[in-house]
J.: 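The following block contains the structure, expressed as structure tokens.
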Amino acid sequence: MTPIPTAPPVEAGRAGDVPRSPARRRRRRIGRFTPRDIAVIGLLLGLPLLLDLALIWGPALASIGLSFTSWDGLGEIRPVGLDNYVNIVSNYPPFWPAVRHNLLWLAFLGLVATPFGLFLAVLLDREMRFTRFYQTAFYLPVVLSLAVVGFLAQLIFSRDYGAANALLGRTDNPVDWLGDPSINLWSVLLLVGWRHVGYVMLLYLAGLKAVDPALKEAAAIDGANEAQTFFRVVFPTLRPVNVIVLVITVIEALRAFDVVYAINRGRNGLELLSVLVTDNIVGEASRIGYGSAIAVILLLISTGFIAAYLVQVFRREDEA
């Protein structure tokens, strides 16, 4: 009878052997790095962190602290509590028009320019002829800074030599597109929206290219038309892109400064919160505490919009 092979006996552990803990293993791995490796890692991680603290979080925290003070940049910093905020809300005439203009800016970009950019992305996703040319043409305005857009606004909407009045035949009785407070904001928004559409189009086009074609085919087999397929199948898969577009739209609407400052320094119907911050901090008034309070209000408005939307997105994901 053939004997059944058996596994070799396991050597008993020596007395005093202790299993290595995860912390001990991590220390052992860290110990393998040379001092030069640690210096390089510290430089690559520490330098961006320092720049982030110095250029973003540092000024933001300093603005919050200075918003409760009265300071002209040279003299003594005097605490004033909430006086700056109370005066801004109750005794500063340009504030509420600037808030209204920023909200109109946000509504126009979010409800007009963004859907139009999505519409262009859907059209270009069909691989029509000259698709590359159209993508380039629509995206070209994105490479222009807002300051350049402001100069273009002067060339197009100028009362005396603008192209708009020439095309409309209003050279004898020209429309003051940039000087009339009732219409100059809308004139500027047309050009700002023209720039914003290209960026939104590119983001949504990238998202549409990543959609699985099998989803569209399954919807077509179930009898869904193109509109139903897009809104019930394709658009829900673009949720990550929607979050990015929302954040970009809010930032674009609330950081707008260059375009109105290039036209008329943000006055006479083009008041924005960013312009008020600059006028108080850099202008002749040198009211750094006052301008910092306006900057904090602008920060709270932007954070509120983004946080509210992200809470809704995460809540839907948890329910799903």
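Just the heavy atoms: all of them, side chains too, but no hydrogens, waters or symmetry mates, feed the values below. Numbering of residues begins at 1 and proceeds along the displayed sequence.
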J.: Rounded to the nearest 0.5 Å, how far does OH of Tyr92 lie from CG of Asn280?
T.: 4.0 Å
J.: Once rounded to the nearest 0.5 Å, what's the spacing between atom CZ of Arg232 and atom CG of Leu215?
T.: 15.5 Å
J.: Calculate, to the nearest 0.5 Å, the distance between atoms CD1 and CG belonging to Ile288 and Leu74 respectively.
T.: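 Taking CD1 in Ile288 and CG in Leu74, the distance rounds to 7.5 Å.
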J.: Testing the basics here: between Ile88 and Ala293, what is the closest heavy-atom pair and its distance to 0.1 Å?
T.: CD1-CB, 3.5 Å
J.: Is there a donor-acceptor pair under 3.5 Å between the side chain of Trp96 and the backbone N or O of Val89?
T.: yes
J.: Given the rule in the side-chain contact (heavy atoms from CB on, under 4.5 Å) test, do Phe257 and Val277 qualify, once you have shown the distances and angles that lead to the verdict?
T.: CA-CA 10 Å; Phe257 169 80; Val277 173; over 6 Å; no
J.: Compute whether any side-chain donor of one residue and acceptor of the other, for Ser187 and Asn184, lie under 3.5 angstrom apart.
T.: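 Side chains of Ser187 and Asn184: no pair found under 3.5 Å.
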J.: Do the side chains of Leu51 and Leu44 join up, straight or via other hydrophobic residues, at under 4.5 Å, putting them in one cluster?
T.: no
J.: Has Thr237 got a side-chain atom pairing as donor or acceptor with Val234's backbone, closer than 3.5 angstrom?
T.: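 Yes.
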J.: Shared ILVMFWY cluster between Val188 and Phe151, side chains joined below 4.5 angstrom?
T.: no
J.: Look up atom CG in Leu203 and atom CD1 in Ile248, then write down how far apart they are to the nearest 0.5 Å.
T.: 5.0 Å
J.: In the single-linkage hydrophobic clustering (I, L, V, M, F, W, Y; side-chain heavy atoms under 4.5 Å), do Tyr161 and Leu167 co-cluster?
T.: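 Looking at the clustering, Leu167 is in a separate group from Tyr161.
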J.: More than 12 heavy atoms of other residues, nucleotides or ligands under 6.0 Å from CD of Gln228: is that the case?
T.: yes
J.: Which atoms form the tightest heavy-atom contact between Met201 and Gln135, and what is the distance?
T.: CE-O, 3.9 Å
J.: How long is the span from the CZ atom in Phe157 to the CD1 atom in Ile263, to the nearest 0.5 Å?
T.: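 Reported to 0.5 Å precision, the distance equals 9.0 Å.
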J.: Any heavy-atom pair between the side chains of Ile183 and Val175 that's under 4.5 Å?
T.: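 A side-chain contact exists here, since the closest heavy-atom pair is under 4.5 Å.
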J.: Checking the side chain of Asn264 only, and the main-chain atoms of Arg267 only, is there a donor and an acceptor separated by less than 3.5 Å?
T.: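 Yes: the side chain of Asn264 pairs with the backbone of Arg267.
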J.: For Phe116, does the CZ atom sit with more than 12 other heavy atoms under 6.0 Å from it, leaving out its own atoms?
T.: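 It does not: Phe116 CZ has 12 such atoms or fewer within range.
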J.: Looking at Lys216 and Asp125, is there a salt bridge between them, counting it only when a charged N and a carboxylate O are closer than 4.0 Å?
T.: yes
J.: For the side chain of Asp176 and the backbone of Arg159, is there at least one donor-acceptor N/O pair under 3.5 Å apart?
T.: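 Such a contact is absent between Asp176 side chain and Arg159 backbone.
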J.: Determine the interplanar angle of the Phe108 and Trp186 rings, folded into 0 to 90°, and report it as parallel if under 30°, tilted if 30 to 60°, perpendicular if over 60°.
T.: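 Taking Trp186 first and then Phe108, their aromatic rings stand perpendicular (interplane angle over 60°).
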J.: Are Ile281 and Val80 connected in the hydrophobic side-chain network, where two residues link if heavy atoms are under 4.5 Å apart?
T.: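 They do not share one cluster, since no chain of ILVMFWY contacts under 4.5 Å joins Ile281 to Val80.
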J.: Anything under 30° is parallel, anything over 60° is perpendicular, the rest tilted; go ahead and classify Tyr85 against Phe68.
T.: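 Geometry flag for Phe68 against Tyr85: tilted rings.
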